[in-house]
**Student:** 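My questions all concern the structure below.
Residue numbers begin at 1 in each chain, while the letters A, B, ... track the order of the sequences. Scope of the values below: all heavy atoms of this structure, side chains included, with no hydrogens, waters or symmetry mates.
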Protein chains: 2
Amino acid sequence: MNLRELAQHLGLSKTTVSRALNGFSEVNEETRLRVQEAARRFNYTPNISAKRLATGESGAFGVVLPGASSEMADPVFAEFLAGLADGAGRCGRDLYVNATFDGEEAGYRRLARAKAVDVMILANLKVEDLRIRLLSHLGLQAVTCGRTAGSLVYPHLDIDHEDGVRRAVDLLTGLGHRAIALVSGPADLSASEQRMVGWHTALDRRGLTAEAGLFMAGPATEDHGYRATRALLALPTVPTAFLCASMFLASGCCRAIGDCGLRIGRDVSVIAHDDGLATIRPEAFEPALTTTK
Amino acid sequence: MNLRELAQHLGLSKTTVSRALNGFSEVNEETRLRVQEAARRFNYTPNISAKRLATGESGAFGVVLPGASSEMADPVFAEFLAGLADGAGRCGRDLYVNATFDGEEAGYRRLARAKAVDVMILANLKVEDLRIRLLSHLGLQAVTCGRTAGSLVYPHLDIDHEDGVRRAVDLLTGLGHRAIALVSGPADLSASEQRMVGWHTALDRRGLTAEAGLFMAGPATEDHGYRATRALLALPTVPTAFLCASMFLASGCCRAIGDCGLRIGRDVSVIAHDDGLATIRPEAFEPALTTTK
DNA sequence: CCGATCTTCCAAACCGGTTCGATATGTTTT
DNA sequence: AAAACATATCGAACCGGTTTGGAAGATCGG
């Protein structure tokens with residue numbers, strides 16, 4: 001059932017039916033009800049492609065999957081994606097997922113030229129993120145999760161990583177900790193930098209110094225969490241507390257602590273970021289983990 | 001730059017240009033080259049929406065995200081999705097991800113009516129999977145990963161779970177194991193059933209019985225792996241080997257074994273399925289885990 | 001009772017591609 | 001030389017919606 005057929009059934013023009021269904025005011029209320037009723041009865045749904053062609057909008061959000069396979073399979077990204085798909089669905093949009101088999105930039109160019117999406121969604125923003133400039137150059141709208149350093153203005157949405165870390169450090173210093181390590185994600189991520197700033201300022205305020213040696217950046221994996229923590233525990237002045245940027249880092253961190261014969265809550269403290277993930281929950285740790293959200 | 005403008009530039013009709021670019025034979029080879037060259041120079045890419053409307057194909061594959069949040073955030077599913085997006089991109093299709101905020105069936109109906117996708121991709125097939133019938137009734141093509149029980153014929157792609165388990169059991173019985181537990185995923189999954197069949201037949205062939213008490217089904221999570229293994233280790237006849245249907249189950253299984261003071265490789269054996277995931281790798285286990293792939 | 005205004009609806013153009021049927025030109029066959 | 005056929009191209013219709021620019025009929029003020 002398409003628009004013309006529906007209109008014929010009702011003895012109306014395509015115009016009127018289209019307007020009735022799209023909520024235009026110049027349609028008689030009685031007619032509108034009649035149209036809506038018929039649309040429901042005949043199970044009419046506008047053809048997406050036609051609608052898009054006519055309006056010039058694609059009605060879709062775009063996400064480009066991070067190219068590196070390490071990030072590609074990131075469970076956090078998976079939850080992010082699920083949330084996006086859900087949100088897109090709720091407001092009647094599609095979510096286009098593009099894998100960058102031939103380079104991220106090529107992916108964006110393709111989407112832009114083909115007018116495949118209305119808005120791109122960027123995650124995992126870097127401190128200096130070239131994608132923002134590229135997209136604006138391609139005339140593609142974008143919304144980012146996270147923000148770059150600098151004064152460039154664009155629509156974004158972010159976690160206050162800085163304050164999160166600051167409050168975590170405050171908690172730990174309040175408990176008497178002096179050597180607090182920061183087990184961080186990739187150094188080029190804007191989130192990582194924000195966390196580092198928070199770490200510095202919170203320690204400064206207490207008159208403590210943020211030792212460069214207590215900062216370990218790397219991939220947000222269990223493995224790196226383990227290695228980083230082992231390295232930290234081998235330092236001359238062993239840290240007594242660990243701030244982990246992700247649950248996976250924390251998982252590795254806890255394993256390393258256990259392997260070194262230490263006990264969390266007695267010998268050392270651990271605080272991780274990202275409570276609320278379905279995949280890996282703080283309650284599953286032994287003991288249950290303190291987290292920021 | 002659209003088709004008409006490109007045609008005008010070349011002094012050709014839209015028809016010829018379209019045909020030249022789409023590889024029709026009735027176009028002079030010289031003309032075709034001229035057209036292709038111009039298309040490249042002007043950065044012409046056909047408008048996706050228009051192409052779809054004209055051809056009636058959407059050019060997209062559809063995936064409906066599992067509704068339950070436990071599956072939604074499944075890292076294995078995330079890798080699966082990434083692979084799909086990659087494959088779709090390589091053959092010039094889009095991947096359309098739909099979250100089923102209002103029920104899985106409603107999602108499929110919407111996609112079908114709006115002609116939003118050409119082919120649906122179904123994962124995590126159940127032993128009795130109603131989706132197959134639903135889609136065929138909606139006139140939506142589908143390809144599945146996994147297959148239902150019964151004789152219904154449809155395009156699918158599957159892992160030989162049955163043989164995988166059989167070979168794992170053979171390996172274990174060869175090592176002298178007699179009580180081999182099967183720590184399985186959700187019982188209604190077709191993969192789980194296939195694994196159970198493999199477990200039964202392999203044990204039968206050795207003259208061993210598959211004790212019903214040694215089969216534990218449940219969500220494919222670390223948590224369930226832990227609980228199931230604890231329960232198994234509390235049985236009167238403690239199993240000496242564990243077959244885990246997923247790496248996450250195996251992770252919990254190993255933790256439970258450790259907590260009971262046993263050591264893998266000395267006291268008990270563990271074999272898991274799903275080598276090759278980026279998220280959770282067998283080498284990361286201590287000791288490195290034996291796996292099927 | 002007439003012109004102005006409002007309400008409600010419609011025909012036709014448009015979005016940017018694909019494809020059917022026709023046409024012009026060149027090449028063979030008879 | 002006429003008929004038959006191939007080749008290369010084009011005009012126009014089509015896909016299924018949205019949107020523009022009227023137009024008919026109802027309502028109203030004077």
**Student:** With side-chain contact (heavy atoms from CB on, under 4.5 Å) as the criterion, how do B:L122 and B:V143 come out once you've worked through the C-alpha distance, each side chain's angles and the decisive distance to 0.1 Å?
**Tutor:** CA-CA 6 Å; B:L122 302 184; B:V143 174; over 6 Å; no
**Student:** Any carboxylate oxygen within less than 4.0 angstrom of a Lys/Arg side-chain nitrogen, looking at B:R109 and B:E105?
**Tutor:**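 Judged by the 4.0 Å cut-off on N to carboxylate O distance, B:R109 and B:E105 do form a salt bridge.
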**Student:** Donor-acceptor pair under 3.5 Å: do we get one between B:T15's side chain and the base of C:dT19?
**Tutor:**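 Checked by distance alone, the answer is yes.
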**Student:** I need the full list of ring pair (Phe, Tyr, Trp, His ring centres under 6.0 Å) pairs touching residues 141-163 of chain B, with sequence neighbours left out, sorted by first then second residue.
**Tutor:**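 Every ring pair (Phe, Tyr, Trp, His ring centres under 6.0 Å) pair that includes a residue of residues 141-163 of chain B, provided the two are not neighbours, is B:Y154-B:H156, B:H161-B:H273.
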**Student:** Any N or O donor-acceptor pair under 3.5 Å from the base of D:dG11 to the side chain of B:K14?
**Tutor:**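 Donor-acceptor pair under 3.5 Å: no.
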**Student:** In this structure, how many angstroms lie between the P atom of C:dC15 and the CZ atom of B:R4, rounded?
**Tutor:**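 Spelled out: CZ on B:R4 to P on C:dC15 is 6 Å.
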**Student:** Whether A:N22 contacts D:dT18 is assessed here as follows: a side-chain N or O lying under 4.0 Å from the phosphate OP1 or OP2. Is that the case?
**Tutor:**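 For D:dT18, OP1/OP2 do have a side-chain N/O of A:N22 under 4.0 Å.
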**Student:** Calculate the interatomic distance between B:E57 atom CD and C:dT18 atom C1'; express it in whole Å.
**Tutor:**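 Taking atom C1' of C:dT18 as the reference, CD of B:E57 is at 12 Å.
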**Student:** Rounding to an integer number of Å, can you tell me how far A:R19 CZ sits from C:dA11 P?
**Tutor:**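 Nearest whole value for this atom pair: 13 Å.
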**Student:** Round to the nearest Å and state the distance from B:L6 atom CG to C:dG16 atom P.
**Tutor:**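 Value for this atom pair: 14 Å.
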**Student:** For B:K126 versus B:T148, what's the shortest heavy-atom pair and its separation?
**Tutor:**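 Minimum heavy-atom contact is O-CG2, 3.3 Å.
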**Student:** How close or far is atom P of C:dC14 from atom CG of B:L3, stated in whole angstroms?
**Tutor:**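 After rounding, the gap between these two atoms is 17 Å.
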**Student:** Can you figure out which of C:dC15, C:dG17, C:dA13 approaches the side chain of A:L53 most closely?
**Tutor:**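 Closest of the options to the side chain of A:L53: C:dC15.
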**Student:** CZ of B:F24 versus P of C:dG17: gap in Å, rounded?
**Tutor:**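 Computing the B:F24:CZ to C:dG17:P distance gives 15 Å.
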**Student:** Does C:dC9 have OP1 or OP2 sitting under 4.0 Å from an N or O in the side chain of A:T16?
**Tutor:**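 Answer is no, no contact under 4.0 Å.
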**Student:** Starting from P on D:dG22, measure out to CD on A:E26 and report it in whole angstrom.
**Tutor:**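 Whole-Å distance recorded here is 15 Å.
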**Student:** Looking only at heavy atoms, which two atoms of A:G164 and A:T292 are closest? And how far apart?
**Tutor:**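 Nearest heavy atoms, A:G164 then A:T292: O-CG2, 4.0 Å.
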**Student:** Looking for any heavy atom pair under 4.0 Å, which part of the strands does A:T55 touch: base, sugar-phosphate only, or nothing?
**Tutor:**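 Since only primed, P, OP1 and OP2 atoms lie under 4.0 Å of A:T55, the category is sugar-phosphate.
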**Student:** Whole-Å distance between D:dG17 C1' and B:K115 NZ?
**Tutor:**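 Whole-Å distance recorded here is 13 Å.
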**Student:** Determine the interplanar angle of the A:H9 and A:F42 rings, folded into 0 to 90°, and report it as parallel if under 30°, tilted if 30 to 60°, perpendicular if over 60°.
**Tutor:**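 Geometry flag for A:F42 against A:H9: tilted rings.
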**Student:** Is it the case that over 12 heavy atoms from other parts of the model lie below 6.0 angstrom from the CZ atom of A:R41?
**Tutor:**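 Yes, because the 6.0 Å sphere around CZ of A:R41 holds more than 12 heavy atoms from other groups.
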**Student:** Go through residues 27-52 of chain A and report each residue with a non-hydrogen atom lying under 4.0 Å from DNA chain D, sorted by number.
**Tutor:**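 Residues of residues 27-52 of chain A that come under 4.0 Å of DNA chain D are, in numerical order, A:Y44, A:P46, A:N47, A:A50, A:K51.
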